[in-house]
2 protein chains.
Amino acid sequence: MATVSKRERTLALLTERALALFEEQGFDQTSVSQIAASAGVSEMTFFRHFGSKEQAVLVDPFDPVIARAIGQRPLNEAPLLRAVRGVRAALTGLDDAELSMVRRRVRIIASTLSLRVALAKQNEETAAAIQQQLITDGTDPRAARAAAAALLAALSAGLFEWAENEDTTLVGAIETALSVLEVGA
Amino acid sequence: MATVSKRERTLALLTERALALFEEQGFDQTSVSQIAASAGVSEMTFFRHFGSKEQAVLVDPFDPVIARAIGQRPLNEAPLLRAVRGVRAALTGLDDAELSMVRRRVRIIASTLSLRVALAKQNEETAAAIQQQLITDGTDPRAARAAAAALLAALSAGLFEWAENEDTTLVGAIETALSVLEVGA
DNA sequence: GAGAAAATGTTAGCGACTAACATTTTTGGG
DNA sequence: CCCAAAAATGTTAGTCGCTAACATTTTCTC
């Protein structure tokens, strides 16, 4: 018998149905009640698992990883450079299974305005974590805030670029985006 | 007789009532129907003027100015630097009246999660304009996209910092934020 | 297998927003 | 000044995301 709880199973089912419907007919054209019906569950249950419709697509597995990686960069680098190089280090540690799931989600996000907006909100939280890491290491809070925000914006731009163009690799797209921030270094 | 059309008058009235209510009780705690009532107008009319509740706070007079200013920077600068310095040039041309209105709006935005998120959406449009300007001048599209996004993120961070701290000046806060992006230049 | 706890369902409702259609108000030309 | 066209506003009704309160069922644990 599966060692997974019912909660986990329902969540997995809802996630799969939601992604499939979003891919088929678009995020905005898919209602929560439709997703719930498709998973044989009530609308209320959907919200108990996700909190919002957007959360069905926006799961962020990176935040903690990124913040930690940044903390491992040498302290004498400029704040923005530390952030950039930390992210780069963190993203090279993803396996294929993780990458394909990321790709699926990012595609949906990239093609939906309301989701790109929602991602910005999530980025705000990630930015706070990165800012904190930089501050802890002695960077001026204001500079840290700007650096963290800029980093995530560039990173998102790279992800979207990758999602929209078949011929780009994740690593390549992110490299391009991040290298812009390194200007004269 | 005022040469202003009725449309303009209604819009000005709605804007003032909306800002006042948002300042008093918060954005999320203020309903559109409340604003409409306070302006002696129907709810429908509000939406005909603003399109969304957020638009009552998020009017962006900068987009075109910024894009133009960036276009005037020397072509041999790195994309991010051109963007940064263009913005700096654009913002120094604001008069006191404009500044105080900006301050009022930014305060409300900074203190409201849903508005910060909505701002991100607006930034996306501004970013597209900036990216276009950079591309026109020969910058690689992907690099331009990342640079524009990073710039606006840092700029927003500076604006929020300014709005939250009494002791900062707009110019100073923005300087701090933008200088982070100039790293090794 | 019984009881506690977790998961789910139902109903009711709020607030943002839209569509369709009716009504009033403005405004520009005669 | 007046009157018709156009612009602005109102009304009604409905969708969708989301929440609260309370009832019911299912799952886990002992």
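Convention: sequence-line order gives letters A, B, ...; per-chain numbering from 1. Side chains are part of it too, since the values below use all heavy atoms of this structure and drop only hydrogens, waters and symmetry mates.
One side chain, A/Ser5 or A/Glu8, offers a donor N or O that lies under 3.5 Å from an acceptor on the other.
In this structure, the CD atom of B/Gln25 is 12 Å from the P atom of C/dG15, given to the nearest Å. In this structure, the CD atom of A/Glu8 is 14 Å from the P atom of D/dT27, given to the nearest Å. Atom pair A/Phe47:CZ and C/dG13:P shows a separation of 19 Å (rounding to whole Å applied).
Look at B/His49 and you won't find any side-chain N or O under 4.0 angstrom from OP1 or OP2 of D/dA8. B/Ser33 has no side-chain polar atom (N or O) that falls below the 4.0 Å cut-off from OP1 or OP2 of C/dA16. Distances shown here put a side-chain N or O of A/Thr45 below 4.0 Å from the OP1 or OP2 atom of C/dG9. Look at B/Ser42 and you'll find a side-chain N or O under 4.0 angstrom from OP1 or OP2 of D/dG10. One finds a side-chain N or O of A/Thr10 lying less than 4.0 angstrom from the OP1 or OP2 phosphate oxygen of C/dT8. Taking only side-chain nitrogens and oxygens, A/Ser5 never comes nearer than 4.0 Å to OP1 or OP2 of D/dT27.
Toward the 5' end of DNA chain D, the nearer of the two residues A/Gly51 and B/Val41, judged by each one's closest nucleotide, is B/Val41. Toward the 5′ end of DNA chain D lies the nearest nucleotide of B/Arg7, the other residue of the pair B/Arg7 and B/Met44 mapping further downstream.
Screening B/Gln132, B/Arg73, B/Arg82 for a side chain to side chain donor-acceptor pair (under 3.5 Å) with B/Asp137, the sole residue that qualifies is B/Arg82.
For A/Lys53, the side-chain atoms get nearest to D/dC18 when compared with the rest of D/dG10, C/dA16, D/dC18.
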